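This report concerns only the one structure given below.
Counting convention: from 1, in listed order, for ligands and their atoms alike. Computed from a prediction, not measured in an experiment: that's the story for all the values here. All values below come from the heavy atoms of this structure, side chains included, with hydrogens, waters and symmetry mates left out.
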Amino acid sequence: MQLGDQRASGNVEDRRGIGMVGGGLGVGGIVIAVIAYFLGFDPGTAIDVAQQVAPQREMQAVPKGAPADEMGQFVAKVLGSTEVVWGGIFQQSNRQYRPPTLVLYDGQVRSACGLGQAAMGPFYCPGDQKLYIDLAFFRDLQTRFQAPGDFAQAYVIAHEVGHHVQNLTGTTRTDSNQGSVRMELQADCYAGVWGHHAGTLKQLEAGDIAEALNAATAIGDDRLQKRGQGRVVPESFTHGSSEQRVHWFKRGLDSGQPKACDTGSAL
Ligand SMILES: [Zn+2]
């Protein structure tokens with residue numbers, strides 16, 4: 001990506017290295033969260049379960065604003081780019097975009113949705129309108145999922161921002177797996193919408209789109225299930241297959257229009 005001219009967003013809480021006061025999760029909680037992640041369950045479910053295992057703890061004061069380190073700057077600039085793009089899109093329909101806060105953390109974090117675990121991957125909590133990202137996931141994306149590249153990482157952030165857009169526009173999650181898949185594919189499509197406009201802002205480089213498509217393929221439910229349990233169970237999909245994720249990301253990318261992301265009618 002070419003983010004040199006992009007303003008870094010100040011809507012970042014850097015909880016890296018702060019951790020949570022007191023001991024860690026019990027082994028049971030970690031096992032539950034890891035299993036839930038690999039089976040592709042909704043992270044919210046895993047948080048609920050994990051929270052029952054972990055006692056309440058206090059948080060330390062958290063630094064706010066764009067972090068100074070390279071990775072923190074990258075994340076803050078991608079977030080800044082999503083603010084520019086979604087701000088413009090909302091403005092076109094005379095609405096104001098209220099940006100989310102991005103929380104960087106290590107290992108585990110307390111959110112309004114319960115206890116977040118790095119093993120669950122990045123998540124968005126509608127209750128506090130924050131995106132939670134453990135940078136270890138970006139390393140995983142590169143090594144375990146073989147999806148390297150800065151735009152692959154940006155796609156993950158833009159997908160979580162997509163969930164925030166759903167929250168602002170009143171799209172609510174249903175409990176069924178199919179409802180969850182629709183929401184996830186729409187978030188992928190919204191990530192593509194952002195990618196389209198990032199391209200217009202000259203923030204994309206050759207190879208960036210391929211990185212995102214590769215990442216969408218790598219974290220499809222079918223691919224994850226095959227890695228996690230050796231077989232594919234489509235009824236338990238919560239994010240969609242690799243092919244579906246690629247399809248919807250491209251739809252947003254090609255059109256640049258949120259209204260192209262009508263996954264409800266298309267599934
Ligand atoms: Zn999602």
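- Around the Zn ion (ligand 1), protein N, O or S atoms at less than 2.8 Å comprise His159 NE2, His163 NE2, Glu184 OE1.
- Partners of Ala136 under the side chain to side chain contact (heavy atoms under 4.5 Å, CB included) rule, at least two apart in sequence or in another chain, are Asp134, Arg139.
- Residue pairs satisfying the salt bridge (charged side-chain N to carboxylate O under 4.0 Å, His left out) criterion with at least one member in residues 72-92, sequence neighbours excluded, are listed as follows: Arg7-Glu83.
- Note on Arg144 versus Asp140: salt bridge recorded, some NZ/NE/NH1/NH2 to OD/OE distance being below 4.0 Å.
- Taking the ring centroids of Trp194 and Tyr155, they lie at or beyond the 6.0 Å cut-off.
- In this model, no donor atom of one side chain and acceptor atom of the other lie less than 3.5 Å apart for Gln257 and His196.
- Listed by chain and residue number, Tyr97 satisfy the ring-ring contact (aromatic ring centres under 6.0 Å, His included) test with Phe90 (two or more places apart in sequence, or in another chain).
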